[in-house]
Amino acid sequence: MVRLALDAGHGLNTPGKRCLKSLDKNETREWVLNSRIANYVQESLGDYEGIEVLRLDDTTGRVDVPLKTRTDKANSFNADILISIHHNAGINGGNGGGVVVYRYPSSLSKTKDYQKKLYDKVIKHNKLKGNRVSPLATGNFHITRESKMPALILENGFMDSKTDVPIILRDDHARKTASGIVEFLVEEFKLKKRPAKDDKLKDNQVYRVICGSFKSRKNAEIRQQELRKAGFDSFVVIHDISKE
Ligand SMILES: [Zn+2]
């Protein structure tokens with residue numbers, strides 16, 4: 001069993017940790033961005049067997065779990081790897097930025113290897129390469145220092161960069177980042193997909209995908225247009241629900 005300690009940095013109300021107001025009027029909190037990615041990672045790892053995930057942050061965001069509690073949890077869980085998701089700052093409204101992955105300066109060579117592989121996979125999926133001279137960085141951070149297992153901090157773009165903010169706010173960016181993290185874990189730990197559960201279908205039965213039921217024709221047609229835009233053929237029928 002592979003054990004992943006997965007961490008969304010900070011908490012919802014951690015002072016200062018948010019997008020720059022001039023670039024994002026909502027001042028989206030860093031934990032919101034961090035946990036969105038962590039949730040997608042957990043969700044897609046649900047399709048794999050042989051991996052157990054422990055979240056180190058408070059998944060409601062209410063508490064900014066102290067760093068020592070986080071590393072204590074990861075250590076007693078005997079995690080094989082710790083991934084802490086963050087978003088960066090330090091550009092002050094300028095351009096540039098991109099993904100940076102940190103490890104502890106004197107980390108094991110295995111950690112260094114994971115660092116590069118994780119970075120490469122995240123960039124492959126979310127393309128947020130940016131302009132950092134050293135996207136594979138070292139830092140003396142509590143999370144990377146006090147954990148017994150290889151530990152990495154993924155800084156997934158800058159919350160005060162004109163270039164990065166519009167990208168990191170997007171849901172599809174979070175999904176792509178999560179895909180990169182998951183692909184790294186699947187390859188590194190040779191994870192296998194769970195066998196799909198197929199029901200025993202009779203000859204006259206099929207799986208039919210239903211994409212919504214509406215009382216107004218107009219709303220049904222709006223859904224149909226959305227599906228067509230996404231490349232799925234669809235049609236609207238009147239269906240008698242009393243026969244269900
Ligand atoms: Zn952070």
Side-chain angles (χ1 to χ4, degrees), residues 4-24 26-42 54-74 79 81-94 96-105 107 111 114-115 118-119 122-123 126 128 130-132 134-147 150-171 173-174 176-178 180-181:
L4 165 68
L6 183 63
D7 185 44
H10 316 291
L12 185 56
N13 297 311
T14 307
K17 303 291 182 184
R18 59 200 60 186
C19 290
L20 193 67
K21 198 173 184 179
S22 59
L23 302 176
D24 167 28
N26 298 322
E27 294 180 273
T28 304
R29 305 310 194 245
E30 183 185 339
W31 179 83
V32 170
L33 301 176
N34 299 339
S35 71
R36 181 167 63 173
I37 296 171
N39 291 345
Y40 287 148
V41 168
Q42 262 183 303
L54 175 73
R55 281 287 285 267
L56 305 180
D57 59 309
D58 171 9
T59 55
T60 69
R62 276 192 285 266
V63 180
D64 183 347
V65 178
L67 292 173
K68 184 174 182 308
T69 312
R70 297 188 196 224
T71 47
D72 284 352
K73 270 170 91 174
I81 183 166
L82 186 164
I83 299 177
S84 182
I85 301 166
H86 283 256
H87 288 73
N88 225 331
I91 286 182
N92 290 316
V99 171
V100 179
V101 178
Y102 283 95
R103 65 176 171 86
Y104 188 64
S107 63
T111 311
Y114 286 170
Q115 177 190 31
L118 176 67
Y119 175 80
V122 167
I123 291 298
N126 77 11
L128 195 60
N131 63 351
R132 299 296 93 180
S134 323
L136 301 178
T138 56
N140 183 7
F141 300 115
H142 179 99
I143 286 273
T144 52
R145 186 183 61 239
E146 301 300 328
S147 42
L152 299 169
I153 295 176
L154 168 66
E155 293 278 5
N156 196 44
F158 283 72
M159 297 181 293
D160 60 352
S161 154
K162 268 193 201 105
T163 325
D164 288 3
V165 169
I167 298 170
I168 63 179
L169 290 176
R170 278 178 11 213
D171 186 65
H173 174 75
K176 286 174 190 167
T177 303
I181 296 171

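Remember, predicted model here, so these are calculated numbers, not experimental data. Just follow the structure's listing: the first ligand is 1, and inside any ligand the first atom is 1.
- Distance alone, capped at 3.5 Å, places no donor-acceptor pair between the K73 side chain and the D57 backbone.
- The N, O or S atom of H86 lying closest to the Zn ion (ligand 1) is ND1.
- For residue H10, an N/O/S atom approaches the Zn ion (ligand 1) to within less than 2.8 Å.
- Of the N and O atoms on the side chains of R103 and S107, at least one donor lies less than 3.5 Å from an acceptor on the other residue.
- Considering just the N/O/S atoms of E30, the one nearest the Zn ion (ligand 1) carries the name OE2.
- Across every non-hydrogen atom of R70 and G9, the tightest pair is NH1-CA, 3.9 Å.
- Under the 3.5 Å distance criterion, the side-chain polar atoms of S147 are matched with a main-chain donor or acceptor of I143.
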